[in-house]
Amino acid sequence: MAVYPFRKIESRWQTYWEEKKTFRTPTKVDTTKPKYYVLDMFPYPSGAGLHVGHPEGYTATDIVARYKRMRGFNVLHPIGWDAFGLPAEQYALRTGTHPRITTEQNICRFRKQLKSLGFSYDWDREIDTTDPGYFKWTQWIFLKLFERGLAYEAKVPVWWCEELGTTLANEEVVDGKSDIGGYPCERRMLRQWVLRITEYAERLLDGLEETDWPVSTKEMQRNWIGRSEGADIEFPVQDMDAASILVYTTRPDTIFGATYMVLAPEHPMVDRISTEVQQDEVQNYKDLASRKSDLERTELQKEKTGVFTGAYAINPVNKESIPVWIADYVLYSYGTGAIMAVPGQDERDWAFAAKYDLPIRRTVQPPPDFTGLAYTGDGPAMNSEFLDGLHIEDAKIRILDWLEEQKVGCRKVNYKLRDWLFSRQRYWGEPIPVVFQNEEVHSLPENVLPINLPELDEFKPSGTPEGPLALATEWLTVTNPDTGEVARRETNTMPQWAGSCWYFLRYIDPRNPERMVDPELEKYWMPVDLYIGGAEHAVLHLLYARFWHMVLYDAGVVSTPEPFAKLVHQGMILGELEYTAWRSSATGQWVSAEKVSDGKEVHTGIILEPVQIDVEAVAKDRERFLLKDAPDIQLDVRAFKMSKSRGNVINPDEIIEQYGADAFRLYEMFMGPLEQVKPWSTRGVHGTFRFLSRIWRLITENPLSEKEPDRKQLRILHQTIERVTNDIENLRMNTAIAALMEFVNAAFKWKELPRTIAEPFVLLLAPFAPHIAEELWSRFGYKDSLAYAPWPELNLEYLAEELIDLPVQVNGRVRATIRVAPGADKQKVLHVAIQEPNVKRFLGDAPPRREIYVPGRILNLVAAK
RNA sequence: GCCGGGAUGGCGGAAUUGGUAGACGCAACGGACUUAAAAUCCGUUGGCCGUAAGGUCGUGCGGGUUCAAGUCCCGCUCCCGGUACCA
């Protein structure tokens, strides 16, 4: 029994592709041909190597790339490395190994692994964000941002992580702990580079309309940008001339219900307005708030706190005097940092008012059955003088007009989106191309780029907010080429996001020393037609990249406002299904899973330990899984996210070693829909391996027939062409593979396999399992790779069948199937159908009351009576 | 809480505009090959009743529309992802 020699085949073809540069996309392509730019989110080359999640998206794009080549497109399908980043630097800190060394090693490992999967990347276009030839242009873009006033310095409260010795972006801090490492972080005021992304908020929002992206991702970006419409309203401070507090509200219609005001503790007005009596209390509260991390501020949100400043403000609509408080439930960084509190219509304000015994006044009539506290729904206004009776929308318009007439307020749009904190106190990142001279910032001229990193022996944070570059004394001092004076370099570097904001442009023209990308080439290749990557980048990477791209568009560097036309997220691959039994550690007794919640016995609260059960020891009873030895004990069945600590990580290298790259690729695509989360099953790989072995035997065990194929063979081939083609176009790789399997199952029943059937089949297989396909293709006698062989053409004529099985229903239930021509007329079909004994039986003697005939689909007869 | 997605055999999943639910694969079972096992190959496989023909129930739960509902409508439950004092 000949086995399918995948090791030999796969290494042969990988070598062939590499030597012949089969997938090279020349700089000069025939631009009269259509183009297709298919892009993977490039990986961070971590020390752990590739995991099974990477090849999922990469295989999907590879299939599309190979398919589009066969359809005559010029295809751009590149790969590279997002290689700056903290892990290499932290490794350097521990071991003294230069991050460049670590990075290079990791890249080599990743490259080798990707090549072992047979992806059709144009390796001549490989890029690396840490390469000076690359980050020269990252720095160049920074200069563009700086020129356009979109990069500025600010003293901003930022997350400072003592352990990492660096500041972090909001996004890198989760629950007051660093995203990487989980170390505690605190707020500090530091000088930082900030990018004015908020200037583009509206356009970033609008641009989403033009993209073919998952709705969920667009929605996440919209939420992140967080546009809201409302008003800025001025409240004069009582007994203080020319002092007023500006608030932002989205509910100006409720202004008659404003019974107090709240300032954020950091608000500059606080000190001015606080009365002497309250001074101590206010200062105490401010100190407390500044020391609280955001974690504490949000974690303790159930219990709101605040203190009275002693001051009062005048409500401009009714001249009422209302107390001014400070409280940390109001954020200084959003809106004006101050609010008018309307407890009647706002749950947070209600909670605060209830706690401190502040007045509550409803200004929207809740429905009669309303039982809650604050009412945030719609209804007629009340207690609101000239607004009374108006519903929210109308009341808003009325009050906004009034406020603007009286010049005490104006319409205002606000965004949750903040400017992007762009500097990091790290070594392993792009240096920011500016210098300081007498406390002043000067951007460096383009011709001195790239600004390289200095060589360092130590990578320790300097312990100050300056980071390790502050220790590179020689590097630090420079003559400013513009002024000829001595200047000091910026010690901050860029965040890891920088390099990935524009890498897709560099692939188009990767070695150009003169420009970041040639405009003609950019125009031809952009936008990216298909972009596949993880949903974890739904907001940050994809929003930052869009922002930079819009700036480059405004600067005339690129030709499209949006970089990624179509975006797809591959779903996460979980570990193998696990069966878990629960056991009391104390008594060793099993506890049935339905009595367990949160790892505890539901009634007694006893803490239980989970025990992994081997499949062999599992019995099943209907929809429940039981312990074979103790059938009254139910098990939990679930797949978990792969993690080292859980020990359920699958290493792709081992799978490829055992089953080959083709079987691995095929399985990753066959598991289920690309976007979906799905559990891994190594048995499943065995299944796709078996499928490839069957193909191998089908085509190599017996000589192909040179005879003309029969109609049935042609029909099956063309059905397969149709299905595979449609499925690839719609990224339904799982059903495309099922179609290929069905073809093979059918072909095994034939006495002979005609060459004219086998050859197109191998072409259909090629995008999915390229190695075996190339091998078979060459055995057919072809000298060249099939990479550019034309995709099999669908001939609809061959799909037609003379006779089909038509289901016949009586009262909506199938009672028989009859063989008729697909387009047979109703009379004829009816005639045949009522001959069927089973149909007769259910129809009774009387003719049917109604007949529904959908040609080619169904005949449904409604019985009389 | 809010936003988004989902629930179909023992498991992963199929199912055009509503038109034979369970394609394809895994697992399981039976058989072939083998001294034996693994591998491989062939066959069976949603539950229940029936020797069979066939019947009957069945796509998270409860209603509805329709000749016909996994698919459409109304009301829920649970799971996953995101987000969270944004005024």
Side-chain angles (χ1 to χ4, degrees), chain A residues 1 3 214-220 222-224 226 228 230 247-251 254 262 297-298 300-302 304 327-331 333-336 338-342 345-349 351-352 414-418 535-536 538-539 569 571-572 577 615 618-625 637-639 667 670-673 675-688 690-691 693-694 697 726 732 734-735 737-742 745 748 805-817 837-838 841 848-852 854 856-863:
Chain A
M1 178 42 238
V3 288
V215 279
S216 57
T217 303
K218 289 195 199 187
E219 206 44 40
M220 279 163 74
R222 286 193 193 105
N223 291 340
W224 192 263
S228 70
V247 305
Y248 174 73
T249 179
T250 55
R251 291 292 305 275
T254 64
V262 185
R297 270 173 85 147
T298 57
L300 303 170
Q301 61 179 273
K302 292 129 220 158
K304 298 204 187 322
D328 66 4
Y329 83 92
V330 171
L331 305 175
S333 51
Y334 182 75
T336 61
I339 62 157
M340 61 175 205
V342 187
Q345 276 76 232
D346 186 288
E347 280 161 13
R348 298 156 301 182
D349 296 345
F352 192 79
N414 249 317
Y415 302 93
K416 282 202 270 188
L417 184 70
R418 308 291 156 76
E536 66 274 19
V539 178
H569 301 301
M572 203 193 336
L577 220 57
V615 207
V618 174
K620 61 210 163 202
D621 167 51
R622 301 286 170 105
E623 66 265 36
R624 294 178 311 185
F625 289 86
V637 185
R638 234 195 96 178
Y667 175 67
F670 187 61
M671 290 170 88
E675 297 92 331
Q676 198 169 298
V677 177
K678 28 198 184 277
W680 177 265
S681 157
T682 298
R683 284 302 312 183
V685 188
H686 191 83
T688 53
R690 207 139 60 181
F691 166 60
S693 304
R694 273 163 70 76
R697 280 191 292 126
N726 285 337
R732 292 188 303 241
N734 54 329
T735 47
I737 294 164
L740 294 169
M741 287 173 168
E742 284 182 67
N745 290 345
F748 256 100
D805 289 316
L806 185 80
V808 180
Q809 300 183 327
V810 180
N811 294 337
R813 331 194 56 150
V814 181
R815 297 302 177 184
T817 56
N838 212 33
R841 205 173 119 204
R849 183 158 55 92
R850 209 178 144 184
E851 306 110 16
I852 297 102
V854 184
R857 282 258 159 239
I858 208 154
L859 175 69
N860 189 8
L861 304 173
V862 184

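To find a chain, count down the sequence lines: A is the first, B the second, and so on, and within it residues start at 1.
For the P atoms, the distance linking B/G13 with B/U8 amounts to 8 Å, nearest Å. For the P atom pair drawn from B/A21 and B/U59, the interatomic distance equals 12 Å after rounding to whole Å. Distance noted for atom C1' between B/C26 and B/U17: 33 Å (whole Å). The gap from the P atom of B/G25 to that of B/G43 amounts to 11 Å, rounded to the nearest Å. Look at the P atom in both B/U71 and B/U20: the space between them is 14 Å, to the nearest Å. Annotation: B/G1 and B/G12 have their P atoms spaced 28 Å apart (nearest Å). Distance noted for atom C1' between B/G62 and B/U77: 11 Å (whole Å). Rounded to whole Å, the separation between the P atoms of B/G55 and B/G4 comes to 45 Å.
At B/G12, none of the side-chain N or O atoms of A/H686 fall inside 4.0 Å of OP1 or OP2 (strictly under the cut-off). Taking side-chain N and O atoms only, A/R815 has a distance below 4.0 Å to OP1 or OP2 of B/U56. Taking 4.0 angstrom as the limit, A/N838 places a side-chain polar atom (N or O) nearer than this to OP1 or OP2 of B/G55. A sub-4.0 Å separation between OP1 or OP2 of B/G58 and a side-chain N or O of A/R813 is absent. At B/C11, none of the side-chain N or O atoms of A/R683 fall inside 4.0 Å of OP1 or OP2 (strictly under the cut-off).
Put simply, CE on A/M671 is 15 Å from P on B/A27, counting in whole angstrom units. Atom OH in A/Y667 sits about 8 Å away from atom C1' in B/C26, given to the nearest Å. Rounded to whole Å, the distance from CD on A/E536 to P on B/G81 is 13 Å. Residue A/N734 contributes atom CG, which lies 15 Å from atom P of B/C26 at whole-angstrom precision. A/I737 places its CD1 atom 12 Å from the P atom of B/A14, with the value rounded to the nearest Å. As rounded to whole Å, 11 Å separates atom P of B/U66 from atom CZ of A/R850. Straight-line distance from the CZ atom of A/R841 to the C1' atom of B/G54: 6 Å, rounded to whole Å. As rounded to whole Å, 16 Å separates atom C1' of B/U20 from atom CG of A/N811.
Distance from the side chain of A/I852 is smallest to B/C67 among B/C11, B/C67, B/G82. Of the listed nucleotides (B/G82, B/A68, B/U17), B/U17 has the atom at the smallest distance from the side chain of A/R857. Checking B/G19, B/A14, B/A87 against every side-chain atom of A/P673, the shortest atom distance belongs to B/A14.
The glycosidic torsion of B/G54 lies more than 90° away from 0, which places this base in the anti conformation.
With RNA chain B read from its 5' end, the first of the two nearest nucleotides for A/L861 and A/D805 is the one closest to A/D805. Comparing A/A739 and A/V814, the nucleotide of RNA chain B nearest to each residue sits closer to the 5' end for A/V814.
Heavy atoms of A/P214 sit nowhere under 4.0 angstrom from any nucleic acid atom. At the heavy-atom level, A/S228 lies under 4.0 Å from the strands shown only through sugar-phosphate atoms. Residue A/Q676 is in sugar-phosphate contact alone, with no base atom involved, counting any heavy-atom pair closer than 4.0 Å across all strands shown. Contacts of A/G226 with the nucleic acid, taken as non-hydrogen atoms under 4.0 Å apart, are absent. Contact annotation for A/V677: backbone-only contact, meaning every heavy-atom pair under 4.0 Å involves sugar-phosphate atoms and none involves a base. Contacts of A/N745 with the nucleic acid, taken as non-hydrogen atoms under 4.0 Å apart, involve only primed sugar atoms and P, OP1 or OP2.
Listed by chain and number, the residues in a side chain to side chain donor-acceptor pair (under 3.5 Å) with A/R694 are A/N745 (sequence neighbours excluded).
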Item checked: Letter per nucleotide, 5' to 3', of nucleotides 1-6 of chain B [B base touched, S only sugar-phosphate touched, - untouched; heavy atoms, 4.0 Å] -> --SS--

Item checked: Test log, rule side chain to side chain contact (heavy atoms under 4.5 Å, CB included), inputs A/I339 and A/Y329 -> CA-CA 10 Å; A/I339 62 157; A/Y329 83 92; 3.9 Å; yes

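Across every non-hydrogen atom of A/N811 and A/N860, the tightest pair is N-OD1, 3.6 Å. A/R732 approaches A/T735 most closely through the heavy-atom pair O-OG1, 3.2 Å.
A/Y667 and A/W680 have perpendicular rings, their planes meeting at more than 60° on a 0 to 90° scale where under 30° would count as parallel.
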